[in-house]
Amino acid sequence: MFGARCLRLVLRHCSSVPCPKRVVSPKVLRVEEALEVKEPTGQDIKVQGWVRSIRSQKDVLFLHINDGSSLESLQVVANPRLETRELTFGSSVEVQGKLTKSPHKRQNVELAAENIRVVGSCDVSTFPLKYKTHHPLDYLRQFPHVRCRSNVLSALLRVRSEATAAIHNFFKDQGYIHIHTPIITSNDCEGAGEVFQVEPAKWERKPEENPHFFNIPAFLTVSGQLHLEVMAGAFSKVFTFGPTFRADNSQSRKHLAEFYMVEAELSFVERLQDIMQVMEDLFKRVTEMVLSRCPHDVELFHRRLAPGQEAKLEQMLKSPFVTMSYTEAIDILKQTHQDFTYKPEWGQDLQSEHEKYLLQHCGETPLFVFNYPYDLKPFYMRDNEDGVHHTVAAVDLLVPGIGELCGGSIREDRPDFLQSRLQRCCETEAVIT
């Protein structure tokens, strides 16, 4: 009773006091969002980013602001009185104003600034990036703290972000479970010993203690395959997409020490064609998503880094991928009059020059090469039992300009075949050592 009476008194008192007016803050938009507005109505907005260019005239001040969400910058039109000494190329700013229709044909909208706040100043004389300058990549790599503000590297990271999202969306839509496989593991999936071993940098152990931090040798993962195979026994369709590490003693672009790899495992699959279909669908779905979400970034790459590739890429998406057995590939390579550095022979790995020729032979269309020689592939790939040309159910996808992009296989599920293959591998290793 007492509480209710007090509540009525409080409410009566509040009703007699005028309530303060609510201040509506302008909506904060990313540059990409502002540029996508088709019919601006002069709405109040706020944009935060970095000054890409500044041009002051007698009656007007022009700025171009970019926040990394888009290759294109947003033009800001302001009164020259808003200009300060700290407002320079490279400075970080917060601009508040009205989004209006632009009178210029090259842009749909512009921001009529009412207030410009410099969040962080920039000394133009010492800033590594220079206005209206296309810096070489070797130069940009010297400045890791600002290199991602350059057009090429920022475009690359946006494309990578969209590709990552598209990969996850593809597998999610197909009913796959995403598994986080361990980065530190005792497994060496490749079996070649080219792994980074993990031990504490500073660890004082007693002589009687185990020499390894984890009691057994541990490595940075080269593949999540073994973990995924276990999970596939419970979920039927699983995938992972994470960092992998290889200790190959090479500095070439095809032998990275660290990279991200997509891996998937499917239970109840008995045909290579089903695996090929997953690869083709993934390639096309991710590529189409990047092209639709990052058109300006892709156009920049076609203009500066890979001229003439746009038509080839469109052709890849329109055409069904070509399939060819390893034996057919070797026959084609042997029949050509082209001189190869490595002579094509059945039972030998396909070299980069062989892959390049095969792709040209197929009209620069992605190519599946399947049924590889038994001795070329790991023990877990299913034996085709095909007589003279002893092969396994394995496939590689070759892509123009890249070569081998991904591979897969039907797993050997017959215990006697696995035991025989493992015994043979152990005997071969014993002879070598």
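We're numbering straight along the sequence, starting at 1. Predicted, not measured: the structure shown is a model, and the values here were computed from it.
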Are H389 and Y326 close enough, and set up right, to give a ring pair (Phe, Tyr, Trp, His ring centres under 6.0 Å), and what steps lead you there? CA-CA 10 Å; H389 282 168; Y326 169 88; 8.6 Å; no

Got more than 12 heavy atoms from elsewhere within 6.0 Å of NZ, K27? no

Residue pair D386 / T391, side-chain donor-acceptor N/O under 3.5 Å: yes

Any chance the side chains of Q309 and H302 put a donor and an acceptor closer than 3.5 Å? no

Crowding at CZ, R414 (>12 non-hydrogen neighbours, <6.0 Å): yes

Using modelled atom types and a 3.5 Å cut-off, is there a donor and acceptor pairing between side-chain atoms of D67 and backbone atoms of S69? yes

Check whether more than 12 heavy atoms from other residues, nucleotides or ligands sit under 6.0 Å from atom CD of E39, and answer yes or no. no

Can you confirm whether more than 12 heavy atoms, excluding those of E270, are under 6.0 Å from its CD atom? no

Please check if the side chain of S409 supplies one atom and the backbone of R411 the other of a donor-acceptor pair under 3.5 Å. no

Side-chain donor/acceptor of S91 to backbone N/O of T88, under 3.5 Å: yes

Would you tell me whether W346 and T327 have side-chain atoms, one donor and one acceptor, within less than 3.5 Å of each other? yes

Give a yes or no answer on whether the side chain of S319 reaches the backbone of M316 with a donor-acceptor pair at less than 3.5 Å. no

Only one of V93, I54, L63 forms a side-chain contact (heavy atoms from CB on, under 4.5 Å) with V76, so which one is it? L63

Check for a donor-acceptor pair, side chain of Q43 on one end and backbone N or O of T41 on the other, with a separation under 3.5 Å. yes

Between K334 and D331, is the closest basic N to carboxylate O distance under 4.0 Å? no

Could you tell me which residues satisfy ring pair (Phe, Tyr, Trp, His ring centres under 6.0 Å) with F370, sequence neighbours excluded, listed by chain and number? none

Does the side chain of H64 come under 3.5 Å of the side chain of S53 through a donor N or O and an acceptor N or O? yes

Indicate whether any N or O donor in one side chain lies under 3.5 Å from an N or O acceptor in the other, for E94 and Q48. yes

May I ask you to decide if the ring planes of H180 and H178 are parallel, tilted or perpendicular, using 30° and 60° as cut-offs? tilted

Check whether F143 forms a cation-pi arrangement with R147 (NZ or CZ under 6.0 Å from the six-membered ring centre, at most 45° off the ring normal). no

More than 12 heavy atoms of other groups within 6.0 Å of R160 CZ: no

Answer yes or no for K284 and F321: cation-pi contact, defined as NZ/CZ to six-membered ring centre under 6.0 Å and angle to ring axis within 45°. yes

Mark yes when over 12 heavy atoms from residues, nucleotides or ligands other than K101 sit less than 6.0 Å from its NZ; otherwise mark no. yes

Greater than 12 external heavy atoms within 6.0 Å of R52's CZ: yes

Within 6.0 Å of CG in D173, more than 12 heavy atoms from elsewhere: yes

Is it possible for you to check whether R285 lies under 6.0 Å from the centre of the six-membered ring of F171, through NZ or CZ, and within 45° of that ring's axis? no

Between Q423 and Q419, is there a side-chain donor-acceptor contact under 3.5 Å, judged purely by atom types and distance? no

For H354 and Q351, indicate whether the former's side chain and the latter's backbone hold a donor-acceptor pair under 3.5 Å. yes

Whether the Y357 and T336 side chains hold a donor-acceptor pair (N or O, under 3.5 Å, no angle test) is what I'd like checked. yes

Could you tell me if R421 sits above the aromatic ring of Y374, with its cationic atom closer than 6.0 Å to the ring centre and no more than 45 degrees from the axis? yes

Within the 3.5 Å criterion, strictly below it, is a donor on Q107 or S102 matched to an acceptor on the partner's side chain? yes

Determine whether a donor-acceptor pair (N or O, by modelled atom type, separation under 3.5 Å) exists between the side chain of N108 and the backbone of V37. yes

